[in-house]
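First up is the structure itself, then whatever we jot down about it.
Predicted model only: the values in this text are computed from it and were never measured. Worth knowing before you read on, the calculation uses all heavy atoms, side chains too, and leaves out hydrogens, waters and symmetry mates. Order of appearance sets the numbers: ligands from 1, and atoms from 1 within every ligand.
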Amino acid sequence: MSLLVTGGRGLVGSAIEADLKPTHAELELMDLDAVETYLKANNVSKIIHCAAKVGGIKANMDQLGAFFYANTIINTNVLEGARRSGVEKVVSFMSTCVFPDDATYPLSPDQVHNGEPHPSNYAYAYAKRMLDVQSRAYRDQYGCNFVTVIPCNIYGPHDNYDLENSHVIPALIRKCETAIKDNTDFVIWGSGKPWREFMYSGDVAEVATWVLNNYDSPIPFIMSPDEEVQIATIAQSIATVMGFNGSIVYDNSYPDGQLKKPSDNSVLKTCMPNFEFTSIQDGLTKAIDWYKENKKDIRS
Ligand code: GFB
């Protein structure tokens, strides 16, 4: 009986301990037959499903169709393959971008399907929302113990550092390093005013493992820290940790995306009362150290 992590080489998956973390070459999630065959052959009993076609705000806007297609097919195949193979439990990752743009704060699980997601990532968000629909439908019809989690923005080792497609923290780490090396400005997309919740990947892995072992409800489980941080503050923190003393400038030709998306972490705090979040300062230091040690081999 094995635990499989899909996306096991990625930002979250690499932080989770599991028996099976197949590479893309070893398991093609776009192919349902391949998924079913793999799950049966490896006697998989539990899955943490992290694999997804993901990217930051620009990648989401540039590739709406590709993000919709890949994520819809991958998610449908993982859950259907799990059902066909008699997998006991699946924990699937959504994202706080699934919530409607016009929501009540803090974002809570009952609001997931209440309206259109933010236009910058509606295709990805709708594909991710279907994880909730499929998990609940399979629970209701087939009795599958399929649950979902909704994490806020995540960062840490093994992130994607591509300047066009990455999320803000890896992008700014790389840009800051370049600004130091070339003695240029440190350029931030947008106004720097949006607020985001950031969770360190190791923390996400710990909570996901707890959910796998303890949480059996159809209600999505939100993962987020107590505080939001403004993008300008993140940029300044990265500059401080990396020792950049030049100018931080804002390029308003790039989009801000959602102004904020604070989420309700009260269930996490009730279920895991002793859980301690890695502070953003410590998490950034770890992510920067990892980047410096691994930059020759990183995904970009
Ligand atoms: O990380 P990010 O792309 O995620 O952007 P989202 C967060 C904020 O950082 C936005 C700003 O306001 C960006 O404008 N930002 C500043 C930058 N400089 C940069 C930069 O160099 N690169 C990037 N990427 N951003 C994504 C969603 O949105 O978050 C996905 O599109 C997913 O669907 C993911 O949910 C977690 O929070 O804006």
**OP:** May I have all residue pairs that pass salt bridge (charged side-chain N to carboxylate O under 4.0 Å, His left out) and include part of residues 87-97, sequence neighbours excluded?
**Re:**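 Qualifying pairs: Lys89-Asp216.
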
Subject >> ligand 1: protein residues within heavy-atom distance under 4.0 Å >> reply: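 Residues within 4.0 Å of ligand 1: Gly55, Gly56, Ile57, Asn60, Ser95, Cys97, Asn121, Tyr124, Asn153, Ser166, His167, Val168, Ala171, Leu172, Lys175, Ile188, Trp189, Pro194, Arg196, Ile231, Pro255, Asp256, Lys261.
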
Subject >> Pair Tyr155 and Tyr200, ring centroids less than 6.0 Å apart >> reply: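 Close enough - the centres of the two rings lie under 6.0 Å apart.
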
Original post:
How many angstroms lie between CD1 in Ile57 and OG in Ser166, if you round to the nearest 0.5 Å?
Top reply: 12.0 Å

Original post:
Could Arg196 and Phe198 be counted as a cation-pi pair, given that NZ or CZ must be under 6.0 Å from the ring centre and within 45° of the axis?
Top reply: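 Pair Arg196/Phe198 does not count as cation-pi.
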
**OP:** Kindly confirm or rule out a cation-pi arrangement of Arg83 over Tyr142, judged by NZ or CZ under 6.0 Å from the six-membered ring centre and within 45° of its axis?
**Re:**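 The answer is yes; both the distance and angle limits are met.
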
Original post:
Within a radius of less than 6.0 Å around CG of Asp182, do more than 12 heavy atoms belonging to other residues, nucleotides or ligands occur?
Top reply: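 Counting neighbours around CG of Asp182, more than 12 heavy atoms of other residues, nucleotides or ligands fall under 6.0 Å, so yes.
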
